[in-house]
> 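Mind having a look at this structure? Questions to follow.
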Amino acid sequence: MSKGLISREDDYSQWYNELVAKADLAEHSAVRGCMVIKPYGFAIWEKMQAVLDQMFKDTGHSNAYFPLFIPKSFFSKEASHVEGFATECAVVTHYRLKNDGKGNIVVDQDAKLEEELIVRPTSETIIWNTYKGWIQSYRDLPILVNQWANVVRWEMRTRLFLRTAEFLWQEGHTAHATAQEAIEETERMLEVYAQFAENWMAMPVVRGRKTASERFAGAVDTYCIEALMQDGKALQAGTSHFLGQNFAKAFDVKFAGKDGKLDHVWATSWGVSTRLIGGMIMAHSDDSGLVLPPKLAPIQVVIIPIYKTEMEFDQISSIAKDLVGQLKKKNIAVKYDDRDSQRPGYKFAEYEMKGVPVRLTIGGRDLENGTVEIARRDTKEKQTISREHVDQFIVELLDDIQVTIYNKALKFREQNTRKVDSYAEFKRVLDEHPGFILAHWDGTPETEKQIKDETKATIRCIPLNSEQEVGQCMVTGKPSSQRVLFARAY
RNA sequence: CGGGGUGUAGCGUAGCCCGGUAUCGCGCCACAUUUGGGAUGUGGAGGUCGUAGGUUCGAAUCCUGCCACCCCGACCA
């Protein structure tokens with residue numbers, strides 16, 4: 001394996017692919033479109049899961065688990081839902097293999113399933129079929145359930161983490177007595193995602209609503225968070241859907257209100273996936289490798305010894321182990337890399353590639369001076385400090401790195417978000433300055449499609465809480481009351 | 001799924017046109033010297049040339065199918 005990475009400027013796609021491989025995050029599997037998430041990559045996902053799971057619990061949700069397989073008939077009940085997912089479903093048709101007598105293992109045609117099973121691309125249908133049995137009265141509501149699961153969407157083109165045929169995610173599915181309550185839930189969970197993206201991933205996001213054509217299949221309204229990657233392309237990082245009564249009607253889920261009247265239940269669903277890892281990679285990393293936000297880094301601090309003699313090594317190790325103890329007490333994930341098989345320079349490069357936020361080096365000079373050298377991954381700055389109070393110094397440094405990379409990403413987004421007022425300018429900016437574009441749109445799917453067909457840019461969202469501004473659609477000249485966010489997207 | 005490209009040791013490659021079981025670098029193993037930014041020397045291991053067929057005395061090389069990956073399109077929460 002060659003040592004470095006191709007630069008982002010030379011080939012952004014290749015840079016991403018090399019980084020995923022060399023940082024030991026994931027690799028392609030023997031199965032088309034499916035990835036193997038390696039231990040280091042999975043450790044990032046586990047950190048994300050732990051934080052999100054707590055956030056879901058803090059907002060009143062409980063975890064449950066529903067089946068991988070969905071009967072085809074369930075799937076067909078909600079018309080727009082089936083239409084949206086039909087072209088990318090894996091279907092199980094048989095339940096047995098047999099030996100054909102010539103030494104080949106073949107599908108046993110006698111073992112055909114009475115009803116085919118769909119491998120879930122999302123679980124609304126099986127869940128609403130189940131909720132029907134759970135809900136009779138308003139007293140059974142709300143139901144606030146989340147599940148951590150894998151889903152399968154048979155994608156044509158895949159990229160590690162960003163779009164794979166199978167991926168890991170969580171999907172929340174809630175049931176409510178009123179539309180208002182469900183809408184509040186939809187908005188609450190969008191905000192949970194936004195907070196997670198910004199405070200934990202250090203990735204600024206735009207909160208918004210999808211246009212009708214970008215909406216989740218079966219939703220009344222889809223909210224999303226959109227992030228800007230370093231190549232100027234947008235990434236949808238999370239979605240939260242107000243499903244109205246669509247699934248309740250499709251699965252006949254009614255409840256009796258206080259007044260005794262029957263009504264269909266109101267629903268939401270919301271999810272984020274391992275795609276977040278791809279987003280986090282592209283938001284922060286540089287030509288030396290991964291840059292991880294300290295709050296989600298599997299290893300936050302690595303300690304590397306530099307020594308000439310066995311005796312020196314022993315002295316350094318004793319100090320290093322003491323530091324490990326101190327840092328662990330502060331809940332910092334620290335690793336002492338005492339491998340004798342690699343030289344220090346090799347280790348420096350390796351942990352840079354893996355995005356470890358802080359590197360602490362102890363060598364002979366430090367033994368004499370009572371110091372350690374501290375290097376931060378995000379800026380590559382190095383400084384030598386006294387060994388006393390190293391723990392507190394590192395606590396503050398990790399916080400500072402978290403803030404610094406967020407601010408850097410935010411500045412990047414601000415510098416690459418442009419207001420545009422004519423279609424000609426829109427096309428020019430799109431090519432010359434890839435990024436977010438705020439422009440007026442007449443609100444019709446026809447115009448949206450025309451823009452997409454002609455420029456490959458899509459409306460990422462209609463931003464929430466953005467200023468109302470009278471304007472004219474850049475394509476048709478029809479009136480518009482606010483700018484919407486355009487970009488080319490992943 | 002359409003167009004183009006690639007597939008040779010863990011990784012990157014030469015050889016392919018003009019058929020005779022394979023080159024080089026990195027990595028790996030052993031030993032020695034080394035260790036403050038990807039060490040050096042010596043010795044060594046590692047290959048059904050993506051895969052399945054075909055042509056041939058003989059296939060990495062020629063032909064066909066299939067698989068995977070990359071780029072571009074189509075598709076896509």
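In the text below, chain A, chain B and the rest are named by the order of the sequence lines, each starting its count at 1.
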> Within the modelled atom types, does a donor on one side and an acceptor on the other bring the side chain of A/R157 and the base of B/C75 under 3.5 Å apart?
no
> Measure from the ring center of A/F486 to the ring center of A/F436 and say whether it is less than 6.0 Å.
no
> Donor-acceptor pairs under 3.5 Å, side chain of residues 275-292 of chain A to any protein atom, not counting sequence neighbours: which ones?
residue : atom : partner : partner atom : Å
A/R275  : NE   : A/L162  : O            : 3.0
A/R275  : NH1  : A/Q236  : O            : 3.1
A/R275  : NH2  : A/L162  : O            : 3.3
A/H284  : NE2  : A/M201  : O            : 2.7
A/H284  : NE2  : A/A202  : O            : 3.3
A/S285  : OG   : A/I281  : O            : 2.9
A/S285  : OG   : A/V291  : N            : 3.1
A/D286  : OD1  : A/S288  : N            : 2.8
A/D286  : OD1  : A/G289  : N            : 3.2
A/D286  : OD1  : A/R377  : NH2          : 2.7
A/D286  : OD2  : A/R377  : NH1          : 2.9
A/D287  : OD1  : A/R8    : N            : 3.0
A/D287  : OD1  : A/R8    : NE           : 2.8
A/S288  : OG   : A/K380  : NZ           : 2.8

> Mind checking what makes ring pair (Phe, Tyr, Trp, His ring centres under 6.0 Å) contact with A/H61, not counting sequence neighbours?
A/W270
> In whole angstroms, how far is the P atom of B/U34 from the CD atom of A/E312?
13 Å
> Quickly work out the A/Y16 OH to B/C71 P distance and round it to whole Å.
12 Å
> Want to settle it: does A/P305 or A/Y490 sit nearer the 5' end of RNA chain B, counting the closest nucleotide to each?
A/P305
> Can you check the A/K22 NZ to B/G12 P distance for me, whole Å?
9 Å
> Quote, to the nearest angstrom, the C1' distance that separates B/U33 from B/A68.
45 Å
> Nearest whole angstrom, please: distance from the C1' of B/U35 to the CD1 of A/I316.
10 Å
> Check the side chains of A/E214 and A/T458 for a donor-acceptor pair under 3.5 angstrom, ignoring hydrogens and angles.
no
> Please report the distance separating the P of B/U55 from the corresponding atom of B/A60, rounded so that it comes out in whole Å.
16 Å
> Who pairs with A/Y307 by ring pair (Phe, Tyr, Trp, His ring centres under 6.0 Å), at least two apart in sequence or on another chain?
A/F313
> Roughly how far apart, to the nearest Å, are B/A45 and B/G10 at atom C1'?
13 Å
> Starting the side chain at C-beta, find the nucleotide from B/A74, B/U35, B/G37 nearest to A/M156.
B/A74
> Using the P atom on both, measure B/C18 against B/G54 and round to a whole Å.
24 Å
> Sticking with atom P, work out how far B/U64 lies from B/G3, rounded to a whole angstrom.
15 Å
> Checking all strands, does A/G33 fall into the base, sugar-phosphate, or nothing category for heavy-atom contacts under 4.0 angstrom?
sugar-phosphate
> Residues two or more places apart in sequence or in another chain: which of them pass side chain to side chain contact (heavy atoms under 4.5 Å, CB included) with A/A64?
A/F66, A/V145
> Let me know the distance between CD of A/E27 and P of B/A68, rounded to the nearest Å.
16 Å
> Could you measure between the two C1' atoms, the one in B/U8 and the one in B/A22, and give it in whole Å?
8 Å
> Check this for me: does any side-chain nitrogen of one of A/K449 and A/D453 sit under 4.0 Å from a carboxylate oxygen of the other?
yes
> Want to settle it: does A/S29 or A/G84 sit nearer the 5' end of RNA chain B, counting the closest nucleotide to each?
A/S29
> Distance check needed: B/C1 P versus A/E88 CD, whole Å only.
15 Å
> Taking only residues two or more places apart in sequence, or in another chain, which ones meet A/D366 in a side chain to side chain contact (heavy atoms under 4.5 Å, CB included)?
A/I362, A/T371, A/T384
> Determine the Euclidean distance between corresponding C1' atoms of B/A14 and B/C72; express it in Å to zero decimal places.
29 Å
> Under 4.0 Å: is that the gap between some side-chain N or O of A/S13 and OP1 or OP2 of B/C71?
yes
> Could you go through residues 348-359 of chain A and list every donor-acceptor pair under 3.5 Å that involves a side-chain atom there, pairing it with any protein atom two or more places apart or in another chain?
residue : atom : partner : partner atom : Å
A/E350  : OE1  : A/R339  : NH2          : 2.9
A/Y351  : OH   : A/K335  : NZ           : 3.2
A/Y351  : OH   : A/D337  : OD2          : 2.6

> Looking at the side chain of A/E155, which of B/C76, B/G73, B/C70 is the nearest nucleotide?
B/C76
> Apply salt bridge (Lys or Arg N to Asp or Glu O under 4.0 Å) to A/D314 and list each qualifying residue two or more places apart in sequence or on a separate chain.
none
> If a pair satisfies ring pair (Phe, Tyr, Trp, His ring centres under 6.0 Å) and one of its residues is in residues 209-232 of chain A, list it, with sequence neighbours excluded.
A/H81-A/F216, A/F85-A/F216, A/F216-A/H241
> Identify all pairs in which a protein N or O lies below 3.5 Å from an N or O of nucleotides 6-9 of chain B, and state each distance.
none

> When the distance from CD of A/Q342 to C1' of B/G37 is rounded to whole Å, what number comes out?
14 Å
> Would you please name every residue forming a side chain to side chain contact (heavy atoms under 4.5 Å, CB included) with A/V220, sequence neighbours left out?
A/F242, A/N246
> With a non-hydrogen cut-off below 4.0 angstrom, is A/W169 in contact with a base, only sugar-phosphate, or nothing?
base
> Is the distance from OP1 or OP2 of B/G36 to the nearest side-chain N or O of A/R343 less than 4.0 Å?
yes
> Please state the P separation for the pair B/G41 and B/C57 - nearest whole angstrom.
49 Å
> Between the base of B/G37 and the side chain of A/K382, is there a donor-acceptor distance below 3.5 Å?
yes
> Toss me the dot-bracket line for RNA chain B: Watson-Crick and G-U wobble, both under 3.5 Å, 5' to 3', using | for pairs to another strand and [ ] for crossers.
((((((((.[[[..)....(...]]].((((((.....)))))).....[[[[[..)....]]]]])))))))....
> Please work out which residues in residues 344-366 of chain A have a non-hydrogen atom less than 4.0 Å from an atom of RNA chain B and list them by number.
A/P344, A/G345, A/Y346, A/F348, A/A349, A/E350, A/E352, A/R359, A/T361, A/G363, A/G364, A/R365, A/D366
> If I take atom CG in residue A/D340 and atom P in nucleotide B/C31, what distance separates them, rounded to the nearest angstrom?
12 Å
> What's the verdict on side chain to side chain contact (heavy atoms under 4.5 Å, CB included) for A/W441 and A/I459, showing C-alpha distance, side-chain angles and the deciding distance?
CA-CA 9 Å; A/W441 163 62; A/I459 299 176; 3.5 Å; yes
> Quick one: does any side-chain atom of A/K98 pair with a main-chain N or O of A/V107 as donor and acceptor, under 3.5 Å?
no
